[in-house]
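Notes to accompany the following structure.
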Amino acid sequence: MSDDQRTLLLSAREGDHRAFAALVAGCDRRILSLAYDMTGNTEDAQDVYQEALLAAYRALPRFRMDSQFSTWLYRIALNQALRFRSRRGRQPPPEEWWPEQADHPTPEDLTLRGEFHRRLHQALGGLSAQERLAFVLCHHQGFKIEEAAELMACSVGSVKSYLFRGREKLRRQLGEFLEK
Amino acid sequence: MSSDAPRQRVLRYLYGDLSPEERAAFELQLEGDPALKTLLAAEQRFDQLHPVGSGPQLPEALLQESRMMLRAALRRQDRPGLLERAGEWFRRFMAPLAWPAGVAAALLVGFLWGRGGWQSPPSSLASLLKPEDLEVVALRVDHFEPATGQVSLVLDAVSQVQLDGTLEDRAVQTALAAALRGDLEPGTRLQALDLLQHQAHSARIRESLIHTLAHDDNPGVRLKAIEALKDLAKNEEVRGALREALQRDLNPGVRVEAIEALKHFNDPATLQVLEQQSREEVNTYIRGEAARALEGKRRAAGEQL
């Protein structure tokens, strides 16, 4: 943890909201994206984002300075997202905020992409919470398998197993797109 | 070795989980192993359709809105948990007492008003309210003396009051100015600004607009506040707020409005800020405007000589 972060953390512990906002500013974009990835819609993502960061704010006195603040924060966010998912059950249809991959997509590209993402979202809904989490962390959010293991508080072998199994399920569900 | 081992190796390769040596060995094997090549191609097809790192890209505005909502939630959280505390207090102290004793307790009542802490409402705002308009939504027990039954409560009360009048009416202005400083929806604050912007000649309204420009979380609201203030830039207090906005506001739109309002002024403090912005402003347009304003002033000074 850097000196700047330490100073901000100490101020945030004293109730300084601005210090807390500055402290989380480096990683809250990823937390929101992760929350969206796990919930599938912006309203729920904002709820998870807020619940996670409020929980982190309340838990600041228990944070050990010798560990990585962002990892601690992501772990809280993941737990909130998982709790939210188990409370919410089935998810509403996705909103389309996936990145474009072609510079000048044709209408056919867009239609195919839209359909692909709709089906991907459905297929993600069919994964177990751990499979989905491993896929979201490693495939969408770009975490290394080792980092995902730390966040999910499980072994590297387990993450691989969740990730590969989840990916295989997705491939089966999306077979028609892969053959095109 | 499991029959799925080659696929797992392919996936470890794609997710960057192989060591440099394992990676080199994998790529070497790939050249002479068509089955492995086919397996890799199949997995790569999935990655072409949905590449690693291609999570949803949420709009910036959504993040900003989430941050604003978080700040509001943090502010609310830091206020005392009134109902919880009151409930606990009543369980501890009131349960053993007979109800008549409770009824007989003298109540000292205060208000929670405004954002950020405990305070009495501005008397002019309080005068808009009647006791029967108020609904108690939270309560804090400040003090209780079991021996005498003396109790001091602080109430969080809300009220719905209809005000009819013109924008010139003091009561209407007071309510709108209070709304600007309250913890309300940005849309409500914008509505209040819409109504107040033509009343900015009033010192009270001007003060609220300056406060909004300096402290409101929402850039749209600050933009509206600066639009209302820029016609009053002859006032030094307003100019001070505009200079602060030009130097510190994170939103370029707000800074553009600030420089538009300030560039016609020649007082030393404004010139100093223009000078600084002509060197340090990150936005090209604003930096250019600051430089052009200074250049114009130098030219005018030269012509006069």
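Just so it is clear: chains get the letters A, B, ... in the order the sequence lines come, proteins before strands, and each one is counted from 1.
Most heavy-atom pairs under 4.5 Å with chain B: of the set A:L53, A:V24, A:D28, A:L174, this distinction falls to A:D28. Interface check for chain B: of the options A:L170, A:V136, A:L163, the most heavy-atom pairs under 4.5 Å are formed by A:L163.
Contact annotation for A:L54: both backbone and side-chain heavy atoms come within less than 4.5 Å of a heavy atom of chain B. At a 4.5 Å heavy-atom cutoff, the contact between A:F164 and chain B is made by backbone and side-chain atoms alike. Heavy atoms of A:A45 lying under 4.5 Å from chain B are absent altogether. If you measure heavy-atom distances from A:F20 to chain B, the contacts under 4.5 Å come from the side chain alone.
Looking at B:N283 and B:R255, their side chains come closer than 4.5 Å, going by heavy atoms from C-beta outward. Side-chain contact between A:K169 and A:L127 is present, with at least one heavy-atom pair separated by less than 4.5 Å.
Listed by first then second residue, pairs satisfying salt bridge (charged side-chain N to carboxylate O under 4.0 Å, His left out) with a partner in residues 143-152 of chain A number zero, not counting sequence neighbours.
A:Y162 meets the ring pair (Phe, Tyr, Trp, His ring centres under 6.0 Å) test with no other residue; sequence neighbours excluded.
In the model, B:E27 has a side-chain atom that pairs as donor or acceptor with a side-chain atom of B:Y13 under 3.5 Å.
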